[in-house]
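Step one of this worksheet: look at the structure below.
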Amino acid sequence: MARALGGPWERAGHEVVAGSRTRGGLRAAAEHGTDAVLLAVPYAAAVDLVTGLAGTLAGRVLIDCTNPVGPDFGLLTAGGPAAAERIAAAAPAARVVKGFNLCHESVWRLNPPVFAGRPLAVPLCGDDADALAVVRRLVRDLGGTPLHAGGLDRAGLVEATAALLIRLWVGADAQAIAPPLEFAGVSGSAARAGRRSGSS
């Protein structure tokens with residue numbers, strides 16, 4: 001993910017520094033620049049890594065793209081807190097935004113990630129308005145469309161969605177479960193049916 005996202009960000013004019021697997025290299029990368037730090041490590045290592053870098057990450061925008069998915073595509077954080085909330089607790093002075101976790105890294109190598117004329121939508125969860133603005137700009141710089149998915153307390157829903165989609169992508173067309181809005185029945189008869197069921 002660091003390579004897949006970092007390349008397009010560099011082409012968009014951002015200066016990108018990638019950290020190595022050693023703590024020192026990661027610290028240098030986390031200290032670099034002013035925009036954001038992308039946490040692109042396996043979830044199993046994320047909380048310990050962030051704990052060790054908590055001071056360095058203070059005040060920084062920390063983008064969590066991890067997926068707490070285990071064997072048989074199960075959610076390792078079922079019952080909560082979400083991975084993003086655990087990461088935020090490990091670095092309480094960082095400004096954590098959940099995002100970029102719903103697609104395989106190969107999708108981000110497309111330039112731009114547009115399908116049937118529609119740019120890829122990227123749900124973002126976070127509590128800091130300025131941090132969200134930074135990440136929205138980074139989404140647009142990749143050719144995607146940022147979507148506000150709520151505060152960090154909603155990150156668990158995005159992570160659970162990733163677990164479901166990853167499993168579906170193995171043997172099905174996951175896109176077929178979310179038709180375009182004009183076919184979604186969000187008004188008219190569907191809305192009336194919802195009111196009737198709610199009043200019975």
Side-chain angles (χ1 to χ4, degrees), residues 1-9 18-21 23 26 29-30 36-54 57 61-92 94-110 113 115 119-127 131-132 135-136 138-139 142 144-179:
M1 284 295 288
R3 288 190 295 270
L5 293 171
W9 281 333
S20 70
R21 293 176 183 265
R23 184 63 61 91
L26 291 171
V37 176
L38 175 71
L39 182 64
V41 300
Y43 170 68
V47 173
D48 285 345
L49 175 64
V50 169
T51 299
L53 294 174
L57 294 170
V61 177
L62 180 60
I63 306 170
D64 168 31
C65 70
T66 67
N67 275 321
V69 178
D72 196 31
F73 308 103
L75 193 63
L76 298 175
T77 53
E85 291 176 301
R86 298 176 195 216
I87 288 164
R95 299 182 290 161
V96 176
V97 175
K98 185 77 185 188
F100 302 103
N101 69 307
L102 292 185
C103 291
H104 189 267
E105 55 89 17
S106 60
V107 172
W108 292 113
R109 296 182 187 280
L110 301 175
F115 309 93
L120 182 67
V122 183
L124 303 175
C125 296
D127 297 327
L132 285 165
V135 183
R136 282 195 297 269
L138 291 172
V139 171
L142 294 167
T145 300
L147 295 179
H148 181 57
L152 207 61
D153 62 335
R154 308 289 283 181
L157 296 176
V158 178
E159 293 167 5
T161 300
L164 174 64
L165 290 179
I166 291 168
R167 180 167 190 158
L168 290 176
W169 272 318
V170 172
D173 178 8
Q175 189 179 21
I177 69 173

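We use all heavy atoms of the structure for the numbers below, so side chains are in, but hydrogens, waters and symmetry mates are not.
L164 places none of its side-chain heavy atoms less than 4.5 Å from the side chain of F73. Annotation: side chain of C103 is in contact with side chain of W108 (closest heavy-atom distance under 4.5 Å). At least one side-chain heavy atom of C65 sits under 4.5 Å from a side-chain heavy atom of L38. Side chains of T145 and V139 form no contact here, defined as non-hydrogen atoms less than 4.5 Å apart. In this structure, the side chains of V69 and Y43 stay at 4.5 Å or more apart for every pair of heavy atoms. With a 4.5 Å cut-off on side-chain heavy atoms, V107 and L120 count as touching. With a 4.5 Å cut-off on side-chain heavy atoms, R95 and L62 do not count as touching.
Closest of all the heavy-atom pairs between A36 and I63 is CB-CD1, 3.9 Å. The minimum heavy-atom distance linking A40 with A2 is given by the pair CB-N, 4.0 Å. Annotation for V37 and A30: closest pair CG2-O, 3.6 Å, computed over non-hydrogen atoms. Taking each heavy atom of A155 and A82 in turn, the nearest pair found is C-CB, 4.2 Å. Looking at every heavy atom in both residues, A83 comes nearest to T77 through N-CG2, 4.0 Å.
In terms of modelled atom types and a separation under 3.5 Å, the side chain of R3 and the main chain of A18 share no donor-acceptor contact. In this structure, the side chain of W9 engages the main chain of L138 through a donor-acceptor pair within 3.5 Å. Without hydrogens or angle criteria, K98 side chain to G156 main chain gives no donor-acceptor distance under 3.5 Å. Listed for the E159 side chain is no donor-acceptor partner under 3.5 Å among the backbone atoms of R154.
Ion pairing between D72 and R167 holds under the 4.0 Å rule for side-chain N and carboxylate O.
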Could you walk me through whether D64 and V97 pass the side chain to side chain contact (heavy atoms under 4.5 Å, CB included) test, one step at a time?
CA-CA 6 Å; D64 168 31; V97 175; over 6 Å; no

Evaluation steps, side chain to side chain contact (heavy atoms under 4.5 Å, CB included), between L132 and L124:
CA-CA 8 Å; L132 285 165; L124 303 175; 4.2 Å; yes

Go through the steps to decide whether L147 and V122 satisfy the test side chain to side chain contact (heavy atoms under 4.5 Å, CB included), and finish with yes or no.
CA-CA 6 Å; L147 295 179; V122 183; over 6 Å; no

Could you give me the CA-CA distance, side-chain angles and deciding distance for L39 and L49, then say whether side chain to side chain contact (heavy atoms under 4.5 Å, CB included) is met?
CA-CA 9 Å; L39 182 64; L49 175 64; 3.9 Å; yes

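To the nearest 0.5 angstrom, D153 atom CG is 6.5 Å from D127 atom CG. In this structure, the separation between CG on N67 and CG on L102 is 7.5 Å, given to the nearest 0.5 Å. Taken to the nearest 0.5 Å, the CD1 atom of I87 stands 10.5 Å off from the CG atom of L57.
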